[in-house]
Amino acid sequence: MRATVDLLPSLFVVISVAFVCSALARFVLLPQTAAGTLDRLRRAFRARLGLLITSQIELLDAGPEDVDKVLGDLRTGTARLHETALMIQGRLERGTDDEAVARLLQRRIAEAEIAAERLGLLLLTARSAERTDTLTLHLPGASLPSYGQMPVRDEARATVRRDLEALRLLVLRPKGEASGTALAQVRNRLLGYREAENLPKATPPVQDVFRGIGEAARAVLGLRTALDGPQDESDDSPATARSREELDAEEAGIEGSEDDKHDESGLHRPTTRAAIQVAVGSALAIAGGELLSSQRWYWAVLTCWIVFINTASTGEILVKGYRRLLGTILGVVAGIGLAGVVGHHTWTAFVLVLVCVFAMFYTAPLSYTLMSFFVTAALGLLYTLLNTYSMSVLLLRIEETALGAACGIITAAVVLPVRTDRRTNELLVDVLDKLADATRAAVDQLSGRRHFDLVDKARDMDQALADLRTAVQPLTHPITPLRSRRDTARYVLALLETCAYHCRALAATAELLPSHPSIAEDPRLSGVSARIVHNIEAIAEHVRDPHSPAAIETGPSIASMLEPGTFGTPRYGRVTDRVLRHLQRLDESVSGLARPLGVPVEKPDIGQSEKADKGEKSRKAEKSGKAGKADRPEKARQ
């Protein structure tokens, strides 16, 4: 800026004016607090939940030709609800003063999210003669079965639709209108579906949908109580009263906990490594920028610095540099066009600058390319306002931006490089470790051993998976030339999404165990789930060390490892089915990870298993007096 000592007071005044304007907007005109931001996120979560139920209603009504589009909307709604839940998770510590309140809200958010996702899967199951694959909710473009209309009578479908609309009403009703006899009767009817005797007559898949609506209504009741405080209980039915008692018992059992924090040191810290890389890259950008222009060299340094923000690997820096360059090129074209149209109309140019500034900040979380586009377009308009517009200056910006991006990419690849493979492998191991930890804790509690912070463990896993999803963007970017690698990364992410869903569901079910009268613990679950945890740890060990001898185990299905009829619950047999189904799907998804990650499969000892089967069959045959026929069923089984 060619500043001199005489200009310093004026520059200080300008900076002070800018600070006052920012503070006025931030603290007076549009005040923002951590509690206010958390409150907006709560309302956003409720709105997302209502939109997801709307998509589920559309899925119920959609014909075979529309089901693919509706299923895409259902995927999008589920993903956005999950993103909002993670955003709330990140704001709880600063947005609430009471740790117990924060943990209660975290649990209620997780329960509502899982109940809504499960309800969508139950609707898909009811539409199809076969069980739907959970991948249909997580993998865009996955091959889908042919879904027809729900195989139920029209009155049953109409009842499901009515109850889904009632559930949406419970979610979206404002706080001041969330009372009244009519609303209480709707809530009582939906919560009554948690009792087997209140289920309408329909096919088993459709009855599962009604059960899912009842569980979702319970989650909504808990969410509204956590967000809006105590509710009117004067018109409660016995089923609603029992649900409130369960929620109160869960709230009373919530305890605070301290998180262990481990800080890295030295060059292993990402901030230290990035600082060194930025310093080296900036030196290159200064030298190269001076060769292009002695006045605008700082554009190259700025680009080199920006491409390192919120990136952790060479691939991420490459993608960010490409996006900034693309946005700059498009912004230069737009700036040239706007400058020619606006001419000397000062106020028009001023308004357009404000529009670009707004769009710049609005699109920053959505698309870095769009943000760069609006920054460069605003720059062209500013030059027009200052009467310093020149096409050569805007073209120079493209050159400086390309130089800065190149310096950043070269530095990231040469100075203390972090390859994308290494970064994604580290995050993948972190996801698998947290998945194993959350699964082990949930199954332990379902087996009778008390655990705390189950929802916290599940949320830690979700956050690790979100970090992995960000880190693999260079591998899944449309411009990547490694097509097979891109498909593999998408496939692994889809399987991990499936594992995360079933792990969250197990954690949410286990959280209900101490106070829920319909869920019973069974010590044998710990034994049948040991294979799942072992396989997760084996995959993590293989990713950590490709030469590791670790291998996954295969065997009979989870459900077949428990004798039917002995895993009982006092009142709800379907809860048992849900737990076993989540374990079975988790087992299948974890085993599916072995193939794309190159993890060997440990062959079962066929001789010992056959010998054990023969011995068991012989004992049964001796008891029934049919020992002579024991070999024929064994041969048929083989």
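- Between the Gln277 side chain and the Leu416 main chain, a donor and an acceptor come within less than 3.5 Å of each other.
- Taking every heavy atom of both residues into account, Gly404 and Thr303 meet most closely at C-CG2, 3.9 Å.
- Between the side chain of Ser293 and the main chain of Gly289, no donor-acceptor pair closer than 3.5 Å is present.
- Using a 4.0 Å cut-off between charged nitrogen and carboxylate oxygen, Arg459 and Glu113 count as a salt-bridge pair.
- By the 4.5 Å heavy-atom criterion applied to side chains, Ile109 and Leu105 are counted as neighbours.
- The minimum heavy-atom distance linking Ser294 with Trp297 is given by the pair O-CD1, 3.3 Å.
- Asp456 pairs with exactly one of Arg107, Gln89, Gln106 by the side chain to side chain donor-acceptor pair (under 3.5 Å) rule, that one being Gln106.
- Sorted by first and then second residue, the salt bridge (charged side-chain N to carboxylate O under 4.0 Å, His left out) pairs with a member in residues 410-419 read Arg419-Asp421; sequence neighbours excluded.
- Atoms CG and OG1, on Leu49 and Thr54 in that order, are 9.5 Å from each other to the nearest 0.5 Å.
- Heavy atoms only, all atoms of each residue included: Leu292 and Leu403 are closest at CD1-CD2, 3.9 Å.
- Listed for the Ser282 side chain is no donor-acceptor partner under 3.5 Å among the backbone atoms of Ala279.
- Pairs engaging residues 466-476 under the salt bridge (charged side-chain N to carboxylate O under 4.0 Å, His left out) rule: Arg469-Glu497 [sequence neighbours left out].
- The closest side-chain heavy-atom distance from Val492 to Leu496 is below 4.5 Å.
- With hydrogens and angles disregarded, no donor-acceptor distance shorter than 3.5 Å links the side chain of Ser313 to the backbone of Arg423.
- By the 4.5 Å heavy-atom criterion applied to side chains, Val418 and Thr314 are not counted as neighbours.
- Side-chain N/O atoms of Thr401 and Arg324 include no donor and acceptor closer than 3.5 Å.
- Side-chain contact of Arg40 with Thr37: a donor-acceptor pair under 3.5 Å is present, judged by distance alone.
- Between the side chain of Gln56 and the backbone N or O of Ala116, at least one donor-acceptor pair lies under 3.5 Å.
- A distance-only check finds a donor-acceptor pair linking the side chain of Arg224 to the backbone of Leu170 [under 3.5 Å].
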### Stepwise side chain to side chain contact (heavy atoms under 4.5 Å, CB included) test for Val429 and Leu432
CA-CA 5 Å; Val429 169; Leu432 292 171; 5.6 Å; no

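- Considering all non-hydrogen atoms of both residues, His345 and Val342 come closest at CD2-O, 2.8 Å.
- Between atom OG1 of residue Thr33 and atom CZ of residue Arg94 there is a gap of 11.5 Å, rounded to the nearest 0.5 Å.
- Put simply, the side chain of Lys320 never gets that close to the backbone of Asn310: no donor and acceptor are under 3.5 Å apart.
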Output, in order, the C-alpha distance, side-chain angles, deciding distance and verdict of salt bridge (charged side-chain N to carboxylate O under 4.0 Å, His left out) for Arg108 and Glu111. CA-CA 5 Å; Arg108 297 297 177 239; Glu111 289 174 354; 3.1 Å; yes

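- Here the closest non-hydrogen pair linking Asp433 and Ala540 is OD1-CB, 3.8 Å.
- To the nearest 0.5 Å, atom CH2 of residue Trp299 and atom CG of residue Leu302 are 10.5 Å apart.
- Residues Glu426 and Arg422 meet the side-chain proximity criterion, which asks for heavy atoms closer than 4.5 Å.
- Inter-residue side-chain proximity for Leu597 and Leu428 is flagged as met; some heavy-atom pair is nearer than 4.5 Å.
- Asp437 has a carboxylate O that lies under 4.0 Å from a charged side-chain N of Lys457, or vice versa, which qualifies the two as a salt bridge.
- Atom CG of Leu465 is separated from atom CG of Asp460 by 12.5 Å, given to the nearest 0.5 angstrom.
- Annotation: Asp545, atom CG; neighbour count of heavy atoms from other residues, nucleotides and ligands within 6.0 Å is above 12.
- Neither side chain, Gln473 nor Glu316, offers a donor N or O lying under 3.5 Å from an acceptor on the other.
- With a 4.5 Å cut-off on side-chain heavy atoms, Asp487 and Tyr491 do not count as touching.
- By the 4.5 Å heavy-atom criterion applied to side chains, Tyr368 and Ile306 are counted as neighbours.
- Listed here is the closest heavy atom pair of Thr376 and Gly331: CG2-C, 3.7 Å.
- When the shell of 6.0 Å around CZ of Arg42 is examined, it contains more than 12 heavy atoms from other residues, nucleotides or ligands.
- Between the CG atom of Leu593 and the CG atom of Leu495 there is a distance of 5.0 Å, given to the nearest 0.5 Å.
- Taking 4.5 Å as the limit, some side-chain heavy atom of Leu223 sits within range of a side-chain heavy atom of Phe45.
- A salt bridge is defined here as a Lys NZ or Arg NE, NH1 or NH2 lying under 4.0 Å from an Asp or Glu carboxylate O, and Arg80 with Glu83 fails to meet this definition.
- A donor-acceptor pair under 3.5 Å is formed between the side chain of Thr424 and the backbone N or O of Thr420.
- Atom OG1 of Thr411 sits about 5.0 Å away from atom CG of Leu284, to the nearest 0.5 Å.
- The aromatic rings of Trp347 and Phe350 lie perpendicular to each other, with more than 60° between the two planes, well past the 30° mark.
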